[in-house]
Amino acid sequence: MSIKKHIFSGIQPSGNLNIGNYIGAISQWVEMQKEYDCIFSVVDYHAITVKQKPEELKKRIINTTKIYLAAGIDPEKSIIFQQSAVPAHTELAWILNCYGARIADLNKMTQFKDKAGKNQESVSVGLYDYPVLMAADILLYNTEIVPVGDDQKQHVELARDIATRFNKEFGDAFIIPQAVVKKEGARIMSLQDPTKKMSKSDPNQNNCIILLEDIEDAKKKIMRSVTDSGSDVVYDLINKPALSNLLTIYAILGDRQIKRLEKDYSGKGYGDFKKDLAEVIEKFLKDFQEKYNNISDQEVLEILEAGRIKAQAIASKKLEEVRKLIGVR
Ligand code: AQP
């Protein structure tokens with residue numbers, strides 16, 4: 001048996017993936033696969049917690065997988081699969097709904113509150129129960145580490161609570177997972193409102209740089225992004241949240257330290273800084289899109305099928321163990 005630590009993470013194919021998803025999640029995964037046993041899922045059953053158009057969803061499942069591959073997730077090293085292709089996820093979620101998850105926990109989830117807004121009574125039950133499905137995703141694979149952006153930390157905490165309660169009642173079925181969040185770039189903010197997270201389902205696409213978007217459009221979005229008062233290029237989350245966000249993006253995609261950028265732009269204004277950042281974005285997107293365009297749909301389908309077989313083998317074993325523990329086998 002492998003002694004490498006087990007990693008699980010996923011992204012919902014719920015919109016166009018943006019640089020927030022890349023910086024906060026995928027770029028971390030690429031690094032982690034060098035050291036750990038990794039499983040990365042396209043979590044399509046999470047995406048349907050809000051309405052999706054069937055034809056679009058189908059395409060996005062393929063495109064999201066291509067994004068994983070273009071970013072450098074290697075199917076020879078890591079398992080890549082589609083969540084709905086492994087039924088153990090929804091089955092374990094049901095069991096955890098009954099044993100482990102509590103209404104009081106779900107009522108605290110900030111993502112549900114944000115997404116449901118004032119419509120809490122009319123959104124789908126799935127949106128409310130999303131964190132329990134996420135707990136099942138993680139717990140099925142003996143996951144020790146869950147690399148995510150900052151917004152998902154609370155859900156991983158809940159998975160820990162659910163696992164701990166289940167283990168206490170039935171015996172040690174689950175490893176207690178831990179969220180790992182990057183120091184820099186754990187929460188990339190909207191380009192137009194630095195108090196809001198850059199989000200793939202944001203209806204205002206001026207807030208995001210989409211990984212597959214037209215490069216000239218992306219550059220314009222950077223030039224038009226909001227900045228703060230003053231003109232010095234310095235990292236200061238309290239007084240310059242918009243600029244600090246742009247500095248983080250520059251540092252990660254341009255592979256330079258924030259301290260170094262502050263020095264390089266000392267005495268220059270926001271205009272020069274944004275122009276150079278637009279070039280960094282151009283280079284990054286060009287390279288990324290070139291890789292993306294070289295991956296065929298057929299290749300993706302084959303990778304997902306190979307991943308499904310491997311994921312299924314691990315997940316069904318864990319599920320059978322759980323079924324026995326609760327007395328249905
Ligand atoms: N702005 C962000 N900065 C850093 N990390 C981010 N992530 C998302 N937005 C940012 C991380 O990307 C992964 C995507 O997870 P998800 O698809 O399950 O959904 P999410 O967290 O709700 O992300 P989005 O982009 O906001 O999607 P929608 O709009 O569909 O809800 C996670 O690891 C997340 O932390």
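This is a predicted model, so every value here is computed, not measured. For ligands, and for the atoms within them, numbers begin at 1 and follow the listed sequence.
- There is no side-chain donor-acceptor pair under 3.5 Å between Y45 and Y130.
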For a quick test of your reading: what N or O donor-acceptor pairs under 3.5 Å do the side chains of residues 277-287 make, sequence neighbours left out?
| unit_1 | atom_1 | unit_2 | atom_2 | d |
| --- | --- | --- | --- | --- |
| E282 | OE1 | K219 | NZ | 2.8 |
| D287 | OD2 | K291 | NZ | 3.3 |

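- For the ring-ring contact (aromatic ring centres under 6.0 Å, His included) test with Y141, the passing option among Y36, F174, F8, F40 is F8; the others fail.
- Under the 4.5 Å side-chain heavy-atom criterion for grouping Ile, Leu, Val, Met, Phe, Trp and Tyr, I176 is not connected to I138 through any hydrophobic cluster.
- Looking at S84 and Q82, their side chains do bring a donor and an acceptor atom within 3.5 Å of each other.
- Q154 and T110 are linked by a side-chain donor-acceptor pair at a separation below 3.5 angstrom, with hydrogens and angles left out of the test.
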Report each N/O pair between ligand 1 and the protein that falls under 3.5 Å, naming both atoms.
| unit_1 | atom_1 | unit_2 | atom_2 | d |
| --- | --- | --- | --- | --- |
| ligand 1 | 1 (N) | I188 | O | 2.7 |
| ligand 1 | 1 (N) | M198 | O | 2.9 |
| ligand 1 | 3 (N) | I188 | N | 2.8 |
| ligand 1 | 5 (N) | G20 | O | 3.2 |
| ligand 1 | 9 (N) | K197 | NZ | 3.4 |
| ligand 1 | 12 (O) | N21 | ND2 | 3.3 |
| ligand 1 | 17 (O) | Q12 | N | 2.8 |
| ligand 1 | 17 (O) | K200 | NZ | 2.5 |
| ligand 1 | 18 (O) | Y130 | OH | 3.2 |
| ligand 1 | 19 (O) | Q12 | NE2 | 3.2 |
| ligand 1 | 21 (O) | D151 | OD2 | 2.5 |
| ligand 1 | 21 (O) | Q152 | NE2 | 2.9 |
| ligand 1 | 22 (O) | Q111 | NE2 | 3.0 |
| ligand 1 | 23 (O) | K197 | NZ | 3.3 |
| ligand 1 | 25 (O) | N21 | ND2 | 3.0 |
| ligand 1 | 25 (O) | K200 | N | 3.1 |
| ligand 1 | 26 (O) | K197 | NZ | 2.6 |
| ligand 1 | 26 (O) | S199 | OG | 2.7 |
| ligand 1 | 27 (O) | K200 | NZ | 2.9 |
| ligand 1 | 29 (O) | S199 | OG | 2.7 |
| ligand 1 | 29 (O) | S201 | N | 2.9 |
| ligand 1 | 29 (O) | S201 | OG | 2.4 |
| ligand 1 | 30 (O) | S14 | OG | 2.6 |
| ligand 1 | 30 (O) | K200 | NZ | 3.4 |
| ligand 1 | 31 (O) | K115 | NZ | 2.4 |
| ligand 1 | 33 (O) | G149 | N | 3.2 |
| ligand 1 | 35 (O) | G149 | N | 2.8 |
| ligand 1 | 35 (O) | G149 | O | 3.4 |
| ligand 1 | 35 (O) | D151 | OD1 | 2.4 |

